[in-house]
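Just follow the structure's listing: the first ligand is 1, and inside any ligand the first atom is 1.
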Amino acid sequence: MPGPQKNLAASVNGSRLWDRHMAMAEVGGTPRGGVHRLPFSAEDTASRRLLLSWAEARGFSAQMDDFANIFVRRAGLDEAAPPVMSGSHLDTQPLGGKFDGVFGVLAAFEALEALEDACVQTKRSVEAVVWSAEEADAGFGIGCLGSQVYADPTKLLPLSQIVDNKGTTVREALERMLRDHPKLPRRDFRAPISSYVEAHIEQGPALESGGHTIGIVTAIHGQRWFEVELFGEAGHAGNFPEKLRRDALLAAVQIIAELRALFYDPSDIVRFTIGRLEVDPNALAVIPGYVSFTIDFRHPDEEVLSELGDKVAVVAAKNRGPCEVKVSEIRRSRTTPFAGIVPKAILAATTNLRLPYCHIASGAGHDARYIAELCPTGMIFIPCWRGISHNELENASPNDVAAGARVLAETLLVLANCEF
Ligand SMILES: [Zn+2]
């Protein structure tokens, strides 16, 4: 029999939650205090085992789907009703930090524990989810694989065929991980979800600098990724005359300078990054014959995304010099707005707890982007130190971590009992 019901937010145990972060950080921990836990790696499997051991100790059941997404469940009174879900990812960037993704999973798990400790019964079941392979740069070049497949199972086959830089396919890595968890009962993709909340560190400096403990996320920015390739001709740096050169790097530099001027936004809403530049043959005394670079462009306004993004090819063609140029759009995703019942419940929980907050858009993509295709969705941000993430120095304060989990727990309670 459950004991007398207690206050849920007061049952969120900040030191337990912090200790779990520190224990999880040892799985793939690096000497500089970061975490190296690539998708589907042995460390990734070990981090899931650790979470499952905590779930078992609390008597929560767990299931896994065919993409190794894991669902830890605290049963509600109506077991047949679609659950309220919350979570994020346990994989990290190469040499990443202790909080990106992990906070969302552990805050959700803490909410389950707090519900248990407070002897609160919910109508719907509440689940803490671990989405597989969220980090793009860490392995397969595309992120949020687990949540993408959950939202759209037709992506399973094409995404399974992606190969990492060691020649391993997603399918091979996934099968290894599925074999490592033979005892977990399986669940179908697209089992209905009633609503989804993802807690995450901000990965930017706005909350910290504004003195806000909670960010209520209004949207995830749309993004367009491009690859620009320049085809010139390699030649001897000493003997080949200037006039006859087809220097791919010089053309790339010209294009990059023009793009930088075009995308410069004094209001600082446009996000424009050239994150990868490859030069071939990349030799000191050789005229570069081939260059490729990537463009990551993000903005909350679909019109700006279209108009500005479409100019990439125009600028490249105009400034290619004597080289050939090819522009490929390698990814495009629309802005995902968060509105309605979930952000409302987050706002109510935040104000009830008297926490300083602001509304904030996310420039970073998250699993919530894909789950929003299935059900009402929202996100809670907490500050991270100096806005730094994807870095071994990534940090968050124990107080903010606990406050975020309190808001999450109260939000999940409202969503688990409401009628819709
Ligand atoms: Zn993340």
With R260 as the cation and F272 as the aromatic partner, state whether NZ or CZ is under 6.0 Å from the six-membered ring centre and within 45° of the axis. no
From the list R16, R406, R20, side-chain hydrogen bond (donor to acceptor under 3.5 Å, both in side chains) with E110 holds only for R16
Compare all side-chain heavy atoms of S47 with those of R37 and state whether any distance is below 4.5 angstrom. yes
For L259 versus I295, what's the shortest heavy-atom pair and its separation? CD1-CD1, 3.6 Å
Stacked cation flag R332 on W225, 6.0 angstrom / 45 deg: no
Count up the protein N, O or S atoms sitting under 2.8 Å from the Zn ion (ligand 1), would you? 3
Between R369 and D367, is the closest basic N to carboxylate O distance under 4.0 Å? no
